[in-house]
S.K.: 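Submitted below is the structure of interest, expressed as structure tokens.
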There are 2 protein chains.
Amino acid sequence: MSMTGRITAQDVAKLAGVSQSAVSRVFTPGASVAAATAAKVRAAATALGYRPNSLARAMITGKSRIIGLVVAHLDNQFYPVAIEKLSVALQAKGYHVLLFMASNTEGEMERLMEDLLAYQVDGIITASVAISNDVTRRCSDAGIPLVMFNRGQPESGLSAITSANALGGRKIARLLVAGGHRRIAHISGWQEASTGRDRARGLVEGLAEAGLAPHAMIDGLFNRDTAAEVARQMMLGPTPPDAIFVGNDHMAFAVIDALRAMGLRVPEDVSIVGYDDVPMAAWGAYDLTTVRQPMMRMVEATVETLIAQIDDPTRAAQSLEIDAPLILRGSARRPEDDNAGL
Amino acid sequence: MSMTGRITAQDVAKLAGVSQSAVSRVFTPGASVAAATAAKVRAAATALGYRPNSLARAMITGKSRIIGLVVAHLDNQFYPVAIEKLSVALQAKGYHVLLFMASNTEGEMERLMEDLLAYQVDGIITASVAISNDVTRRCSDAGIPLVMFNRGQPESGLSAITSANALGGRKIARLLVAGGHRRIAHISGWQEASTGRDRARGLVEGLAEAGLAPHAMIDGLFNRDTAAEVARQMMLGPTPPDAIFVGNDHMAFAVIDALRAMGLRVPEDVSIVGYDDVPMAAWGAYDLTTVRQPMMRMVEATVETLIAQIDDPTRAAQSLEIDAPLILRGSARRPEDDNAGL
DNA sequence: GCTTGATTTGCATACGTTTGCAAACCGGGC
DNA sequence: GCCCGGTTTGCAAACGTATGCAAATCAAGC
């Protein structure tokens, strides 16, 4: 029943018999305080249950230690995992996460920028959302660093962390070719997104190495229903593919479900390969061959890049592509020769 | 290249030829401003790209409009979905979400409380994390309302929103009994958690109605690996169960994978029922019979309860149990008589 | 005991708002 | 022309902290 309204540094100061500045200094790492006073102050502080008000501190210092995290698509398991890791990594660095859900619709990000700026965030991380030039400008105007996670935007001058998507696509092409497939189709990721485009490009390039071209290539929009329907149409066509590279695991699961519902077997009738290696890909029901986006390294790179830019605002933006290894499981026929240069 | 450091209400005031207070009033709904001044101010504000500083506002008003959201277990699909809905609902009410990941370990929540208090959150939502008395006390001391989502704590005097877990367990018992099962086992949710306990209790009560007792009942700790191992042991025992109620969908998927890996068929050899109805439960690979936690209603109730307590601090805590319907799919044998009173 | 230099402390101001209060303004009625 | 009620406005004081600066304290050296 302590009915203590708000406890301020003033209250602690009074109890400890020192000035408010002294209290402040005790809670400011690296400030000049005698050991004796520090002890008195800490005692008084814990007695009263005092904690410095981060908001007031933010006003003075101009640093809120808040990072805005903008996310869409929480139904794709890749993003919850990303949020978790990002959030833990930032907490470890003394930052806090203000979370925003963005539908990927026109003007949504602009609206969110209002809130992000109003809360004086020190930096912004966007996970798979498109950034308009307007947003870019307002960030640089306000001097707020922004890092894009799992999406690139070459011309934007913004930092971006992705896996090596094009190379990943190429690896998949080689795997499927080595597996003896010849009619290799692609249900691509959303072609408005760099990840979707790069993976598709990689596949095309990889097939070209073997003198092949994609048997079919249709945009699945990173959407389960769309992907499933596209897969169905492909298999009902006159010359169905013998392998499908699906633009991410999330859609690949839907494709596998759809094929099985048609009575087709994976990988006997069709090989399926995904991209991401979300935890679910390893589950027995799918056992999905895929390309692993190295989550921890991507998260670390994102956090490091962001904090580096916060600490040194003159620092240039950087784009990083992290190598993504092939993960062989049961949903795609394996090459006879296991050393097929994969 | 506007190189505008920070734009304050002062700057806008100067440009608009009014006082800083006038600017403030324009951005404070319900304050007294002449239409003409409002127009001038708004013009100046957009010209400069001004937005009121939420942190400064929070200092004055004592309301940060920030809600602390504490979450664990993002690997269980139920929680990402919850985060998404909660976050959208709060955004719609003009609140913002400060996200914290909590491992469910000793003292973790206490550590987080420091940060939550420091950031002057207006309220706290915890999703499936245990609350110690210490935390409870500090919240009420600081006058910060807390609502537990999907977890109850009867003695704590805190608000809690859950589905009717015990009743849900009973519904499952009736379903399985009506389906002709007699050796009904339970891989329970973590027994330290109210949800785990209530569902288990419901099952026991429901079986008792039919003069039965659980064939076996082992804690799966809401953990995939544990649940899978428990399932394996059960099936290898001398008298394996003919049905298993698994404490949540997340574990149920693992159980189904494990059983299939043993060459058992679901539901021909064993019926499996989960709890939650996460999106994945409807996917072809599992087609899981389960109990649906009505996410939207739970989220709405949570947000409403929290905001009501923020607006009226004298308001008493309330616990709400929302009815959870049975969802019949393919993982459990259906009763002959579809109207078996379910 | 006094000087000196280093360390510790308090004073006062600033951060960008909101808001009570009183002054200024406005239009209308006599 | 003046007075009066109601609006609109500006002034100034908060909110809780950090921090430059100058005063105070301290320990040491002679």
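Chain naming here is simple, since letters A, B, ... match the order of the sequence lines and numbering starts at 1 in each.
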S.K.: A/Arg25 has an atom CZ; how far is it from atom P of D/dA18, in whole Å?
M.R.: 10 Å

S.K.: One thing to verify: whether B/Arg138 and B/Asp141 come together as a salt bridge, which I'm taking to mean a side-chain N less than 4.0 angstrom from a carboxylate O.
M.R.: no

S.K.: With a 4.5 Å heavy-atom cut-off, do A/Val26 and A/Val12 have their side chains touching?
M.R.: no

S.K.: Establish, with yes or no, whether the OP1 or OP2 oxygen of D/dT19 is under 4.0 angstrom from a side-chain nitrogen or oxygen of A/Thr28.
M.R.: no

S.K.: For A/Phe27 and D/dG16, give me the distance from atom CZ to atom P, rounded to whole Å.
M.R.: 16 Å

S.K.: Could you state the atom-to-atom distance from CG of A/Asp11 to P of D/dC15 in whole Å?
M.R.: 11 Å

S.K.: Establish whether the base of C/dC11 is bridged to the side chain of A/Ser19 by a donor-acceptor pair shorter than 3.5 Å.
M.R.: no

S.K.: Any side-chain N or O of B/Ser24 below 4.0 angstrom from OP1/OP2 of C/dT18?
M.R.: yes

S.K.: Do NZ/NE/NH1/NH2 and the carboxylate oxygens of A/Glu304 and A/Arg297 come within less than 4.0 Å?
M.R.: no

S.K.: Of the listed nucleotides (D/dG16, C/dT17, D/dG10), which one gets closest to any side-chain atom of B/Asn53?
M.R.: C/dT17

S.K.: So does B/Thr61 reach the base of D/dC15 with its side chain, donor to acceptor, closer than 3.5 Å?
M.R.: no

S.K.: Looking only at side-chain N and O atoms, does A/Thr8 come under 4.0 Å of OP1 or OP2 in D/dG16?
M.R.: no

S.K.: Is the ring centre of A/His73 less than 6.0 Å from the ring centre of A/Phe222?
M.R.: no

S.K.: Rounded to whole Å, please give me the gap between CD1 in B/Ile60 and P in D/dA12.
M.R.: 17 Å

S.K.: Hey, which of these two, B/Val18 or B/Met59, hits DNA chain D nearer its 5' end, going by closest nucleotide?
M.R.: B/Val18

S.K.: Round to the nearest Å and state the distance from B/Lys63 atom NZ to D/dA14 atom P.
M.R.: 22 Å

S.K.: Has A/Ser32 got a side-chain N or O lying under 4.0 Å from the OP1 or OP2 atom of C/dT8?
M.R.: yes

S.K.: Please report, rounded to the nearest Å, how far the C1' atom of D/dT9 is from the CD atom of B/Gln20.
M.R.: 13 Å

S.K.: Is the phosphate of D/dT17, meaning OP1 or OP2, less than 4.0 Å from a side-chain N or O of A/Tyr50?
M.R.: yes

S.K.: Mind checking if B/Ser54 touches a base, just sugar-phosphate, or nothing, with heavy atoms under 4.0 Å?
M.R.: nothing

S.K.: What is the distance from CZ of A/Arg57 to C1' of D/dA18, rounded to the nearest Å?
M.R.: 9 Å

S.K.: Expressed in angstrom and rounded to an integer, what is the separation of B/Gln120 atom CD from D/dC15 atom P?
M.R.: 13 Å

S.K.: In Å and rounded to the nearest 0.5 Å, what is the NE2 to OH distance from B/His96 to A/Tyr119?
M.R.: 5.0 Å

